[in-house]
Amino acid sequence: MSRYDPSVIEPKWRDAWDKAGAFTAKRDPAKPKYYVLEMFPYPSGRIHMGHVRNYTMGDVVARHKAACGYSVLHPMGWDAFGMPAENAAMERGGHPKDWTYGNIADMKAQMKPLGLSIDWSREFATCDPEYYGQQQALFIDMLAAGLITRKAAVVNWDPVDMTVLANEQVIDGKGWRSGAAVERRELVQWFFKISDYSEVLLSALDGLGNWPEKVRLMQANWIGKSRGIEVDFPLTAPVAGQAALTCYSTRPDTLRAATFMAIAPEHPIARALAEADPKVAAFCEEARRGGTSEEAIETAEKLGYDTGLTVRHPIYPDKALAVWIGNFVLMEYGTGAIYCCPGHDQRDLDFARKYGLPVVNAFHMPGETNVIGTEALVPARDATVAYDQHFTGITLSTAYDAIETSIDWMEARGLGKGQVKYRLRDWGLSRQRYWGCPIPVVHCATCGVVPEKKENLPVELPYDVSFDKPGNPLDRHPTWRDCACPKCGAPAKRETDTMDTFVDSSWYYARFTNPRATTPTVAEDAAYWMNVDQYIGGIEHAILHLLYSRFFARAMHKTGHLPQRAVEPFNALFTQGMVTHEIYRSKDAQGRPVYHLPEEVLRFNIGNEPVAFLKADHLTDLSELNESQLQELLIEAAGTEIEIIPSAKMSKSKKNVVDPMNIIASFGADTARWFVMSDSPPERDVEWTSSGAEAAFKHLNRVWGLCDRIGQMPADHKGEGDQDLAKATAKAIDEVTKGIEGFAFNKAIAGLYAFTNTLSRANASTGAMREAMRTLAKLMSPMTPHLAEEVWQAQGGNGLCAQAPWPKADPALLVDDTVVLPIQINGKRRAEISVPKDMPASEVEKLALANEDMIKFLAGQPVKKIIVVPGRIINVVV
RNA sequence: GCCCGCGUGGUGAAAUGGUAGACACUGGGGACUUAAAAUCCCUUGGCCGCAAGGCCGUGCCGGUUCAAGUCCGGCCGCGGGCACCA
């Protein structure tokens, strides 16, 4: 009997696929097309289990669709710009370009052994000038089409390093390198006008039926459409040329409880006051401390400054409200000014109590004290409230749902005007960094901002840059900035900002349709391959990447680079879970945690109790031990028992990373692929366990052995089980096909286990066994393509398994003639009967009541009602 | 702080509102073996019972229904995102 040796068979079949050009995508008008895409990786240098899971999922879909007769496009590329390359250059020297391309080569070498059905001829990296040059062309077209603008935006500023920081580089409000307190600072930057598309991007979500509901919901909340009212609060004395303070609110019903106003530190009135008064300036300075992330702003301590200004309440003109500057007010949303209702908003109440501001209750709940202490009164939706003489005895939800009534009421009295607003802000694309796509514009003293001529593209990144100082090396480059104005020819300066890396990933899917073209896309290729039929990636991209891509596809359509049909670029989306692993932790002499890599740990169970020990040097494999040696080890190692912390995201710092290369070396790629597809549903996290990996390997060995055994059966062997085997085969085809098509790979694999169990116990003729085995190979091939080829060949399959058609289940074999029906009494299962599958309900009823167990349980009680669900269940109500 | 999701045996999980735990891991028992590994067979939600069988059980509390893991309301716990990480 031969041994299953993946290190021999896997390279052999990969060569065979290459030679056959099995995965080269071809435009074939005779076939329907299928474009499957996994979110391309950042070239960190090492693949991890998350990549294996992501790309195996896509590969299962791609191989299955190819077998179903589609012309499949399944490409791969590299999201290659970004901060880590610059960080590496700063920390270890070297050049971001060399580091990135080196990583790409390393990662590609690690991905190849996975046996993915990828068309590598379409590979590109976003840092290839051929790619980012076309991106610059898109930028110029979008600029001409009015899709891009320049305006001030707030960034994280490190006052010591004198550089802009990413949110990730702000830790507890301090710069990650300098440790200096970060400030929010305004900078003039480039923006995509995505907010012009708020309504379009929102309403088109309804058409994305094959996207997860939660992703659509997250996007809808992100776009944040709200209907509210804009109210003018007349200033008692005009300031900065303004007679009133304009506020936006989605809760006009709480206007009656407004007791003070708050404006953003960047509000024009705050600026005007700051210019005249150093104390206001000092407060605004203070209010700008901390990072720009919404989380940082929302969770920072609420600070306020009383400007001394007052406004008149629009409903109660004799009431004056103080105007404060608050660090929690966002200039980007609404009008940068809010009215505060401490009676009904906890944040406002905390602020009011801190600064001794008045609190008013607008709701007046019947039967309550209506006194507000330290908790704001936020009535339940169905609570009955009385706002004032105009709105009494209504429920809060009436007020919410009929908010228009309230807006109408206020509009009719000239108190404000109804308005729809979106939370979505324009997409700031400028980055003050080197390793990104240069923004192809030139600053000319006479002509202003001028786009570069397309014939001068790509505006290529200079190689000779240094990373010894913080900030953007392009700013310091002696010659790169100098250029001629594309319009007047006079000496001018290049823009040194580069593009956000989200721009790179917002159109790469379109580029794959013709990656070598000298225009961003080519019409007939885009028309044939777009849209992406199935997009697969992590849930962490649910909002930004996917929203930006949806915007970009529209922008590309507007500028003539994509057909109308492709404005929603992803027909179906699947968001997969993470691969997690246990963490092994001990403590050093000072009691600080020390983490251990899985390969440094011996982990096994005593009974059902998992235990882990640090591997002794002389001992690497537990299987080498007999029981008494094991005992000895336990005693010896008792001092170094390690704590097991269950299932956490794989991370270098926790040392719980499992390197796929080690798994492939020990078990082969098919085992790794089989494992990541089995057990957990793909949208959920899956925990990597060594026992699970071993079990996957054992199973593949079992299939190998079964194949061997059937191969040695005499050709004329007869068996009684041919019909049963045919039924089991049909069932397996049905389960696996449904599992793959429904993204329930774990269920497809459960079906394959069951089919293998049946097959190994079957007593059927040689021909039937071989046929079943070929079907098993084909059904396994999306998950374990190498082993499948080997089995396919051994059982006399024609050509490559990878190119064989998907089997079809005979529907006649899928239905049983009799069904077993459980019988319940009042919903509790008491008996069961076996009946022909199409027996009428009335007869089923009779049989059920005549059943011996039923007679016993009913004990003569009168039957009130019988519910017969055909083919399902019988429930007797007494 | 705001938005979204998840919660079922020792573990990963399955279950168009219709027999909760398919399939697999781990554990327990057995066969084979001088022994071990590998392989194969039985068993494996909890409690009571010699057994037949019974009762309980899908994070917690309540509701809808002939019937709830599934639908609705409220709570608790965990995870993801929050616009310059990719």
Side-chain angles (χ1 to χ4, degrees), chain A residues 39 41-42 44 79 81-84 153 155-156 164-170 212-215 217-218 220-222 224 291-300 328 332 346-347 380 423-433 500-502 505 538-545 547-548 577-578 604-610 623-627 646-647 649 678-681 683-687 689 691-692 694-696 698-699 701-702 705 744 746-747 749-754 757 760 820-824 826-830 832 864-867 869 871-877:
Chain A
M39 291 179 187
Y42 178 78
S44 62
D79 189 14
F81 276 133
M83 285 204 308
V155 295
N156 298 305
V164 177
L165 298 178
N167 282 338
E168 192 191 48
Q169 297 170 316
V170 179
E213 180 61 37
K214 65 176 168 181
V215 173
L217 189 58
M218 282 161 90
N221 285 329
W222 187 260
T292 59
S293 76
E294 196 166 303
E295 189 199 1
I297 291 164
E298 294 280 337
T299 55
F328 54 90
E332 285 89 0
Q346 193 60 42
R347 184 189 65 189
R423 203 182 75 100
L424 182 65
R425 306 200 299 254
D426 280 335
W427 169 13
L429 67 110
S430 299
R431 298 291 181 271
Q432 295 70 41
R433 269 182 258 288
D500 178 9
T501 55
F502 272 119
S505 55
I539 184 72
E540 68 274 18
H541 294 291
I543 297 170
L544 291 180
H545 162 60
L547 191 62
Y548 290 158
M578 295 182 302
F604 49 97
N605 284 20
I606 298 178
N608 262 324
E609 208 46 49
S623 64
E624 292 166 3
L625 303 180
N626 64 30
E627 215 158 308
S647 193
K649 182 174 178 169
S678 60
D679 290 344
S680 280
E683 67 276 14
R684 230 184 274 183
D685 292 352
V686 64
E687 179 162 1
T689 61
S691 59
E694 278 159 30
K698 266 186 212 175
H699 180 73
N701 268 291
R702 210 167 142 231
N746 54 325
K747 284 192 261 171
I749 285 186
L752 286 167
Y753 271 113
N757 288 341
S760 67
V820 175
L821 293 181
I823 311 170
Q824 298 179 328
N826 292 338
K828 206 167 182 60
R829 184 180 171 279
R830 288 302 185 188
E832 62 181 34
K864 284 190 194 141
K865 195 170 162 188
I866 300 184
I867 291 134
V869 184
R872 275 288 178 194
I873 204 163
I874 304 153
N875 192 13
V876 178
V877 186

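All chains are named by letter (A, B, ...) in the order of the sequence lines, taking the proteins before the strands, and each is independently numbered beginning at 1. The figures that follow rest on heavy atoms only: side chains count, while hydrogens, waters and symmetry mates do not.
In the model, A/Asp685 has no side-chain atom that pairs as donor or acceptor with a side-chain atom of A/Ser680 under 3.5 Å.
For B/C82, neither phosphate oxygen OP1 nor OP2 lies less than 4.0 angstrom from any side-chain nitrogen or oxygen of A/Asn167. OP1 and OP2 of B/C3 both lie 4.0 Å or more from every side-chain N or O belonging to A/Lys214. A sub-4.0 Å separation between OP1 or OP2 of B/U65 and a side-chain N or O of A/Lys865 is absent. For B/U26, neither phosphate oxygen OP1 nor OP2 lies less than 4.0 angstrom from any side-chain nitrogen or oxygen of A/Ser691. An OP1 or OP2 oxygen of B/A14 is reached within less than 4.0 angstrom by a side-chain nitrogen or oxygen of A/Asn746. For the pair A/Ser680 and B/G12, the criterion of a side-chain N or O lying under 4.0 Å from OP1 or OP2 is not met. Of the side-chain N and O atoms in A/Arg431, one or more sit less than 4.0 angstrom from OP1 or OP2 of B/C84. Here A/Arg702 reaches the OP1 or OP2 of B/C40: one of its side-chain N or O atoms lies under 4.0 Å away.
Distance CD (A/Glu683) to C1' (B/G80): 15 Å, rounded to an integer number of Å.
When heavy atoms are screened at a 4.0 angstrom cut-off, A/Lys864 is found touching no nucleic acid atom at all. Base engagement by A/Phe502 is indicated by at least one non-hydrogen atom pair under 4.0 Å involving a base atom.
A/Arg684 contributes no side-chain N or O that forms a donor-acceptor pair with the base of B/C6 under 3.5 Å. Contact of A/Asn875 with B/C66 (side chain to base): a donor-acceptor pair of N or O atoms is detected under 3.5 Å. The base of B/C84 sits with one of its N or O atoms less than 3.5 Å from a complementary donor or acceptor on the side chain of A/Gln432.
In this entry B/C2 has B/G81 as its Watson-Crick or G-U wobble partner, both defining distances falling under 3.5 Å. The partner of B/U65 is absent, by the rule that a Watson-Crick or G-U pair needs both atom distances under 3.5 Å. The partner of B/U16 is absent, by the rule that a Watson-Crick or G-U pair needs both atom distances under 3.5 Å.
Comparing A/Pro681 and A/Phe81 against RNA chain B, the residue whose closest nucleotide sits nearer the 5' end is A/Pro681.
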